[in-house]
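Naming convention: chains lettered A, B, ... in sequence-line order (proteins, then strands); numbering from 1 in each chain.
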Amino acid sequence: MTEFIETLNDLEKERYQKVLRLRERGVNPYPPRAKRTHTIAEARESFEKGEDPGIITLVGRMTANRWTGKITFADIRDGSGRIQLFLRQNNLGDETYKNFLKDYDLGDFVQATGTLFQTKTGELTLQVAELELLAKAIAPMPEKYHGLTDKETRYRQRYLDLMVNEDVRAVFRTRQRIVTAMRAYLDRKGFIEVETPALQPLYGGALAKPFVTYHNELERNLYLRIADELYLKRLLVGMYERVYEISKDFRNEGVDATHLPEFTMMECYQAFGDLSDMMQVVEDIFVECAQAALGTLQITYGEHQVDLTPPFARVAMRDAILEKTGIDIYVDDSFEKLQARIAERELSVEPQLSWGKLVEKLFGAYVEPTLIAPTFIIDFPTDISPFAKKKPGDARVTERFEIYVAGGEYGNAFTELNDPEDQWQRFMEQQSNRARGDVEAQQMDDDYVQALKHGMPPTGGLGMGIDRLTMLLTNQHSIRDVVLYPQLRN
RNA sequence: GGGCCGCUAGCUCAAUCGGCAGAGCAACAGCCUUUUAAGCUGCAGGUUCAGGGUUCGAUUCCCUGGCGGCUCACCA
């Protein structure tokens with residue numbers, strides 16, 4: 001039988017001896033409760049207002065220690081901030097003070113009771129009359145000056161990253177403010193938050209490869225959702241007018257600075273709305289979230305200064321591509337013609353399966369990186385937009401937009417396709433794409449077509465990537481830095 | 001998936017044209033009653049990612065693998 005102590009490294013063993021010593025003295029190194037009277041921020045605020053809060057009890061993790069013989073200055077931090085403790089042998093008593101020096105370490109959670117004062121350098125400090133251990137740290141904290149910088153350790157042991165890197169904690173607090181602001185906006189606009197299946201018998205609503213799992217009792221494969229879209233739109237058939245969901249979606253694809261296998265998406269649908277209503281929602285959400293996160297619409301993302309003040313520009317995909325490449329996709333409006341034109345110009349576009357996919361590639365390579373100011377790109381090819389209504393008078397493209405900022409995409413919206421026959425035909429086309437090797441093609445969803453046969457009102461729908469939006473508003477350039485526990489290899 | 005770079009003490013980093021692996025912080029033993037990355041004295045701490053190869057000798061050079069980062073391609 002392995003003893004716990006055998007699992008510890010030398011530094012941890014050293015500290016574990018302190019746990020044993022504390023217990024011998026009758027001190028519980030892990031007492032069940034704290035008796036905090038103020039957070040550190042509350043104590044500071046109270047003092048700064050000129051009130052003397054008197055005898056208070058603060059708690060926190062000890063993160064620095066400066067001892068000078070019979071006095072010690074120690075820093076503690078709680079979730080609200082940092083404060084300095086002043087510990088003096090005369091005040092605490094010889095025994096307590098010596099035990100403090102001997103058995104307390106950086107990283108320990110402590111509880112200190114005393115009164116606030118300012119040192120001669122003016123720093124607000126708690127003069128400690130009573131000190132108790134709240135939780136003994138056996139493992140040492142990362143180095144106090146450089147902190148923790150190794151990315152692998154930061155992601156694998158996020159608690160250490162959060163413990164010592166306050167800016168990282170700030171990013172995740174901002175992320176939550178963004179989500180809260182988005183939710184508050186949608187709630188205010190009458191959207192009802194709903195929950196739809198993460199395990200789906202058919203996957204759909206986006207073009208992506210799924211994760212497959214198996215249900216033993218049902219004896220069938222299930223897919224982790226790649227999107228919520230088709231379930232949410234069924235709710236509009238069921239007479240809800242405005243619904244939304246903020247959820248994890250799962251896509252079995254590459255991992256890089258902007259992609260993880262699970263990510264967070266907001267999707268909302270508005271009956272009797274259309275593409276222009278969704279543009280309004282996007283503009284509002286950018287404003288509300290930027291204000292919540294930063295308090296301003298003037299943001300910095302890497303080298304870019306971006307003004308998020310609406311209205312955002314609207315540019316047809318055809319015009320954007322024409323401007324950047326000289327190719328008019330409405331002239332070269334078939335797969336063969338466009339492919340020939342791309343070859344003739346020696347543009348670097350990977351082989352594709354359709355006109356729409358070629359258009360998308362051209363756009364991604366030559367236009368997307370140039371879209372710095374917020375821009376709605378409209379009129380997407382129909383064959384890459386199987387759930388969007390065709391543009392009246394031009395079946396080649398759909399009533400769809402994507403919103404681009406700082407060279408990246410942040411949302412995707414349609415006037416939703418509600419004609420069951422057209423939707424059925426789109427599914428059939430996707431089936432033939434699948435037969436030609438398009439592994440991301442949609443599966444036929446008979447029940448969804450059945451739902452449309454019962455009538456879905458004209459609808460505007462929108463999806464926005466929460467991780468991407470958080471990256472933009474926190475000036476982070478890797479999705480791993482806005483996701484608490486990003487997937488890594490084992 | 002391709003290319004490039006990296007992996008050394010708990011943390012942050014050195015070093016070696018291939019020759020005893022060493023600093024700071026943290027720890028440990030001390031000194032020090034107003035410190036701010038406190039200071040000072042002393043002491044300890046290593047499977048140099050793993051395995052193989054070349055060599056008298058490999059942390060260093062080579063190969064394979066693992067993990068991470070960046071980047072290109074694809075997807076949000």
### Task
Answer with base, sugar-phosphate or nothing: what part of the nucleic acid does A:Arg489 contact at a heavy-atom distance below 4.0 Å?
sugar-phosphate
### Task
Tell me, with the steps shown, if A:Asp161 and A:Gln157 meet side-chain hydrogen bond (donor to acceptor under 3.5 Å, both in side chains).
CA-CA 7 Å; A:Asp161 189 26; A:Gln157 294 177 271; over 6 Å; no
### Task
Spell out yes or no: do the side chain of A:Asp75 and the base of B:U36 have one donor N/O and one acceptor N/O closer than 3.5 Å?
no
### Task
Indicate, with a heavy-atom threshold strictly under 4.0 Å, whether A:Leu148 touches base, sugar-phosphate, or nothing.
sugar-phosphate
### Message
Heavy atoms only, 4.0 Å cut-off, all strands: where does A:Gln89 land among base, sugar-phosphate and nothing?
### Response
nothing
### Query
With a non-hydrogen cut-off below 4.0 angstrom, is A:Asp150 in contact with a base, only sugar-phosphate, or nothing?
sugar-phosphate
### Test item: A:Asn165 side-chain N/O and A:Val168 main-chain N/O as donor-acceptor pair under 3.5 Å
no
### Query
Between atom CG in A:Leu101 and atom C1' in B:A27, what is the gap in whole Å?
15 Å
### Task
Pick base, sugar-phosphate or nothing for A:Thr121, based on heavy-atom distances below 4.0 Å to the nucleic acid.
base
### Message
Ignoring hydrogens and geometry beyond distance, is a side-chain donor-acceptor pair present between A:Tyr404 and A:Glu402 at under 3.5 Å?
### Response
yes
### Message
Measure CZ/A:Phe117 against C1'/B:U35 and give the value in whole Å, please.
### Response
11 Å
### Matching residue for A:Leu462 among A:Gln270, A:Met279, A:Met266, A:Glu267 - test: side-chain contact (heavy atoms from CB on, under 4.5 Å)
A:Met266
### Query
Hey, is the side chain of A:Thr149 poking within less than 4.0 Å of OP1 or OP2 on B:C13, counting only N and O atoms?
yes
### Message
Assess the residue pair A:Asp78 and A:Thr39 against the criterion (side-chain hydrogen bond (donor to acceptor under 3.5 Å, both in side chains)); give the C-alpha distance rounded to whole Å, side-chain angles, the decisive distance to 0.1 Å, and a yes or no.
### Response
CA-CA 7 Å; A:Asp78 67 9; A:Thr39 67; 4.9 Å; no
### Query
Base, sugar-phosphate, or nothing: which does A:Lys357 touch, judged by heavy atoms less than 4.0 Å apart?
nothing
### Query
Across the strands shown, which category fits A:Asp256 at heavy-atom distances under 4.0 angstrom: base, sugar-phosphate, nothing?
base
### Query
Nearest-Å distance, CG (A:Asn90) to P (B:U33)?
10 Å
### Task
Measure from the ring center of A:Phe312 to the ring center of A:Phe286 and say whether it is less than 6.0 Å.
yes
### Query
Which whole-number value in Å describes the distance from A:Leu106 CG to B:A26 C1'?
7 Å
### Task
Assign A:Glu12 to base, sugar-phosphate, or nothing according to its heavy-atom contacts below 4.0 angstrom with the strands shown.
nothing
### Message
Expressed as a whole number of angstroms, how long is the span from A:Glu152:CD to B:C5:C1'?
### Response
15 Å
### Summary
Winner on side-chain proximity to A:Glu143, out of B:U34, B:C70, B:C11, is B:C11
### Query
Rounded to the nearest Å, what distance is computed from the CD atom of residue A:Glu267 to the C1' atom of nucleotide B:A76?
11 Å
### Query
Can you tell me how far P of B:U36 sits from CG of A:Leu124, to the nearest Å?
18 Å
### Query
Would you say B:U34 has OP1 or OP2 under 4.0 Å from some side-chain N or O of A:Lys70?
no
## Note on the structure
A correct dot-bracket answer for RNA chain B, with pairs being Watson-Crick or G-U at under 3.5 Å, [ ] for crossing pairs and | for inter-strand pairs, is (((((((..((((.....[..))))..((((.......))))......(((((..]....))))))))))))....
### Task
Remember a base hit wins even if backbone is also touched, and classify A:Thr119 as base, sugar-phosphate or nothing at under 4.0 Å, heavy atoms.
base
### Query
Does the aromatic ring of A:Phe263 sit over the six-membered base ring of B:A76, closer than 5.5 Å centre to centre and tilted less than 30°?
yes
### Query
Under 4.0 angstrom, heavy atoms only, what part of the nucleic acid is A:Leu207 near: base, sugar-phosphate, or nothing?
sugar-phosphate
### Rounded interatomic separation in angstrom, taking CZ from A:Phe380 and P from B:A76
10 Å
### Query
For the residue pair A:Tyr231 and A:Tyr448, is the inter-centroid distance of their aromatic rings smaller than 6.0 Å?
no
### Message
Using a heavy-atom cut-off of 4.0 Å across all strands, would you classify A:Lys13 as base, sugar-phosphate, or nothing?
### Response
nothing
### Message
Please compare A:Gly122 and A:Gly147 by the position of their nearest nucleotide in RNA chain B and report the one closer to 5'.
### Response
A:Gly147
### Message
Counting distance alone, no hydrogens or angles: does the base of B:U33 have a donor or acceptor under 3.5 Å from a partner atom on the side chain of A:Thr72?
### Response
no
### Message
How close do A:Leu308 and A:Pro374 get, counting heavy atoms only, and between which atoms?
### Response
CD2-CG, 3.7 Å
### Task
Would you classify A:Tyr155 as touching base, sugar-phosphate or nothing, given that sugar-phosphate means primed atoms plus P, OP1 and OP2, and contacts are heavy atoms under 4.0 Å?
sugar-phosphate
### Task
Select base, sugar-phosphate, or nothing to describe what A:Thr258 touches, counting heavy atoms under 4.0 Å on all strands.
base
### Query
So, for A:Tyr223 and A:Phe211, is the gap between ring centers shorter than 6.0 Å?
no
### Message
Can you see whether A:Tyr410 has A:Arg468 sitting over its ring - NZ or CZ less than 6.0 Å from the centre and within 45° of the normal?
### Response
no
### Message
If you go through the side-chain atoms of A:His259, does one of them form a donor-acceptor pair with the base of B:C75 closer than 3.5 Å?
### Response
yes
## Note on the structure
5'-most contact on RNA chain B (nearest-nucleotide basis), A:Pro142 vs A:Gln487, goes to A:Pro142
### Message
Check this one for me: any side-chain N or O of A:Lys361 less than 4.0 Å away from OP1 or OP2 of B:C75?
### Response
yes
### Query
At under 4.0 Å between heavy atoms, what does A:Arg154 touch on the DNA or RNA strands: base, sugar-phosphate, or nothing?
nothing
### Message
With a 3.5 Å cut-off and heavy atoms only, can you find an N or O donor on one side and an acceptor on the other between the side chain of A:Gln84 and the base of B:U35?
### Response
yes
